[in-house]
Amino acid sequence: TEDLTFNDPLTFDEGALAARTLFRETFNADADGVWHAPGRVNIIGEHVDYNGGICLPIALPHRAFIAATPRSDRHVRLVSPQTRDHIDEFDLDTVDRRGTDGEVSGWAAYLVGVAWALEQAGFGPLRGFDAALHSCVPLGAGLSSSAALECAMAVAINDMEDLNLLGGDDDDAGRALLVDAARRAENDIAGANTGGLDQSASMRCTKGHALELDCRDMSVRSIPFDLAHDHLALLVIDTRAVHSHVTGEYAQRRQACEEAAGILGVDLLADIDDEQAALDQLPGEVMRARVRHVLTEIDRTRTFIDELASGSLVGERLDRCAALLDASHDSLRDDYEVTCPELDVAVDAARASGAHGARMTGGGFGGSAIALVDESAARDVARAVADAFAEHGFEAPQFLIATPEEPAGKVAE
Ligand code: ADP
Ligand code: MG
């Protein structure tokens with residue numbers, strides 16, 4: 001069989017150099033600074049964010065790097081390795097909601113959108129800027145390459161425009177504010193209807209920790225998450241699958257949850273405390289199954305966090321956590337119906353080849369799965385998944401090892 005593709009992250013130095021070099025080649029000047037923001041992977045708590053539930057992401061070592069310099073006018077010039085042949089240009093005075101003038105689209109919307117959103121939040125008028133992007137977050141793999149762009153841009157603007165939202169005693173409050181701007185950029189300018197999980201992870205995770213994010217009020221708690229201490233690793237399997245119906249299905253799931261909440265007389269499904277009574281009240285097996293996923297997933301996430309907080313991931317505690325990951329996947333497959341053949345094959349092959357537990361992560365219908373494995377077994381599990389993909393005639397999967405890293409910030413000179 002062919003070689004496995006492991007996607008290694010760039011170091012801060014490598015990423016900053018790549019962004020600075022692109023900036024210099026494009027704009028014939030040195031950038032004032034380089035800012036970075038990570039992609040994320042959610043460990044457990046899937047499709048609960050828009051129901052007011054709890055999720056548990058970590059920030060990946062894979063980051064977007066943006067080298068930038070402010071301008072004296074309101075002009076924005078952007079370049080990325082993917083668009084090297086031309087520079088995308090905008091004017092901050094004409095950026096507006098997609099559909100109003102339709103001018104900003106594609107990847108630039110994620111960046112210009114952040115400036116727009118900060119102005120909407122009252123931080124304007126901002127100066128324009130030149131910026132060069134270099135990201136090593138896999139695109140469209142469910143690892144939030146989009147939030148990485150937005151959050152790197154948000155911290156860059158914070159520094160360039162002296163918004164003073166970061167550092168000091170109010171650092172996390174400032175980060176929460178930048179999360180809102182990044183989310184609005186994605187929702188209103190890029191036109192993707194997503195919750196705040198991705199941006200919160202990229203802005204508010206801390207190194208060595210997972211982020212307990214309560215999506216009811218976006219409050220957070222850092223949970224120590226040190227798999228290496230227990231000789232474990234989190235293997236991320238990028239299935240390379242993107243199914244075209246993903247947007248429509250996502251909207252349908254959200255709608256089903258809203259409808260169910262309406263029938264049950266609650267604002268959010270997370271408000272329900274008697275699961276059985278709630279399920280008995282719902283019309284139809286499909287709606288019951290959707291709600292059952294949300295309620296059991298919130299429970300699993302709470303239990304998982306309690307387990308993490310109570311000691312090392314060894315012995316029976318490891319078994320219980322692994323079982324929660326497995327149960328999460330099974331619920332997403334059977335009750336929420338957001339998996340796909342590639343995700344199910346990845347998870348089955350990982351489990352069969354020695355992973356302690358495995359599940360899809362992110363929105364589903366493609367994207368990535370995670371497997372909790374012994375450090376020494378990561379390559380063997382990856383090999384087994386790649387072999388299973390070859391047998392099924394799927395495109396070869398790609399892999400990365402996820403460790404909990406720093407949130408968005410400025411690259412030290
Ligand atoms: P995900 O966030 O899971 O990776 P999305 O569909 O939300 O997937 O975001 C992917 C989009 O983000 C891409 O289609 C592109 O517009 C933009 N993007 C992300 N990374 C880059 C990059 N390095 N260069 C240009 N565009 C990027
Ligand atoms: Mg995204």
Side-chain angles (χ1 to χ4, degrees), residues 7 9-10 14-15 18-19 22-23 26 34-42 46-47 49-50 55 57 59-60 62-68 76-88 90 98 104-114 131-154 179 182-203 236-251 338 343 360-370 398 400 402 408:
N7 206 326
L10 296 175
E14 290 165 347
L22 178 59
F23 189 99
T26 308
V34 182
W35 291 266
H36 64 85
R40 63 97 187 93
V41 68
N42 194 26
E46 214 64 77
H47 280 281
D49 54 345
Y50 50 86
C55 6
L60 290 173
H62 300 72
R63 296 169 184 276
F65 294 87
I66 293 180
V76 174
R77 297 191 294 172
L78 302 173
V79 64
S80 133
Q82 280 87 350
T83 60
R84 206 178 197 130
D85 52 328
H86 77 282
I87 301 173
D88 283 270
F90 303 93
R98 196 191 176 106
V104 182
S105 62
W107 69 286
Y110 296 96
L111 301 183
V112 183
V114 174
L133 162 73
H134 189 98
S135 175
C136 66
V137 185
L139 255 77
L143 302 174
S144 282
S145 69
S146 61
L149 299 194
E150 294 148 15
C151 293
M153 193 73 249
V179 166
R183 191 218 303 226
R184 282 202 73 182
E186 178 137 358
N187 292 166
D188 295 350
I189 303 298
N193 181 21
T194 54
L197 161 62
D198 303 348
Q199 296 83 6
S200 296
S202 188
M203 284 299 308
V236 177
I237 304 156
D238 172 4
T239 66
R240 314 289 292 160
V242 190
H243 292 283
S244 57
H245 51 284
V246 51
T247 316
E249 293 279 352
Y250 179 82
V338 292
L343 285 169
M360 60 154 274
T361 183
F365 303 108
S368 295
I370 53 173
Q398 297 188 4
L400 58 90

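As the structure lists them, so they are numbered: ligands from 1, and atoms in each ligand from 1. Please read these numbers as outputs of a predicted model, since none were measured by experiment.
Proximity of V137 to ligand 1, defined as any heavy-atom pair under 4.0 Å, is not found for any part of the residue.
C151 approaches M203 most closely through the heavy-atom pair SG-CG, 3.5 Å. What you find for S202 and A37 is that their closest heavy atoms are OG-CB, 3.5 Å. Across every non-hydrogen atom of I66 and A131, the tightest pair is CG2-CB, 3.9 Å. Pairing each heavy atom of R40 with each of P57, the nearest pair is CD-CB, 4.2 Å. The minimum heavy-atom distance between L343 and F365, with the atom names listed, is CD1-N, 3.9 Å.
Each of the atoms 3 (O) of ligand 1 lies under 4.0 Å from some heavy atom of L143. Within ligand 1, counting atoms from 1 as listed, the ones closer than 4.0 Å to a heavy atom of G142 are 3 (O). Listed by number with element, the atoms of ligand 1 under 4.0 Å from a non-hydrogen atom of G140 are 1 (P), 4 (O), 8 (O). Atoms of ligand 1 lying under 4.0 Å from at least one heavy atom of S135, given by number and element, are 23 (N).
The shortest contact between atom 15 (C) of ligand 1 and any protein heavy atom is with W107 CB, 3.9 Å. Summary of contacts: the protein heavy atom closest to atom 18 (N) of ligand 1 is L149 CD1, 3.5 Å. Atom 9 (O) of ligand 1 has its closest protein heavy atom at S146 CB, 3.4 Å. Protein heavy atom in closest approach to atom 10 (C) of ligand 1: S145 OG, 3.5 Å. In terms of protein heavy-atom proximity, atom 12 (O) of ligand 1 is closest to Y110 CE1, 3.6 Å.
Applying the side-chain contact (heavy atoms from CB on, under 4.5 Å) rule to P138 yields the partners N7, A141, L143, D238, L400; only residues at least two apart in sequence or on another chain are considered. S80 meets the side-chain contact (heavy atoms from CB on, under 4.5 Å) test with Q82, T83, W107, L133; sequence neighbours excluded. S146 is linked by a side-chain contact (heavy atoms from CB on, under 4.5 Å) to Y110, E150, E186, counting only residues two or more places apart in sequence or in another chain.
Between the H134 side chain and the A64 main chain, no donor and acceptor come within less than 3.5 Å of each other. Checking side-chain atoms of S145 against main-chain N and O of V137 turns up no donor-acceptor pair under 3.5 Å.
Distance check for atom 6 (O) of ligand 1: every protein heavy atom is found at 4.0 Å or beyond.
Any N or O atom pair closer than 3.5 Å counts here, and L139 shares no such pair with ligand 1.
Note that the CG atom of L78 and the CE atom of M153 stand 7.5 Å from one another [nearest 0.5 Å].
Between A192 and ligand 1 there is no heavy-atom distance shorter than 4.0 Å.
If you look at F65 and F23, their ring centroids are not closer than 6.0 Å.
For the Mg ion (ligand 2), the neighbouring protein N/O/S atoms at less than 2.8 Å, given as residue and atom, are S146 OG.
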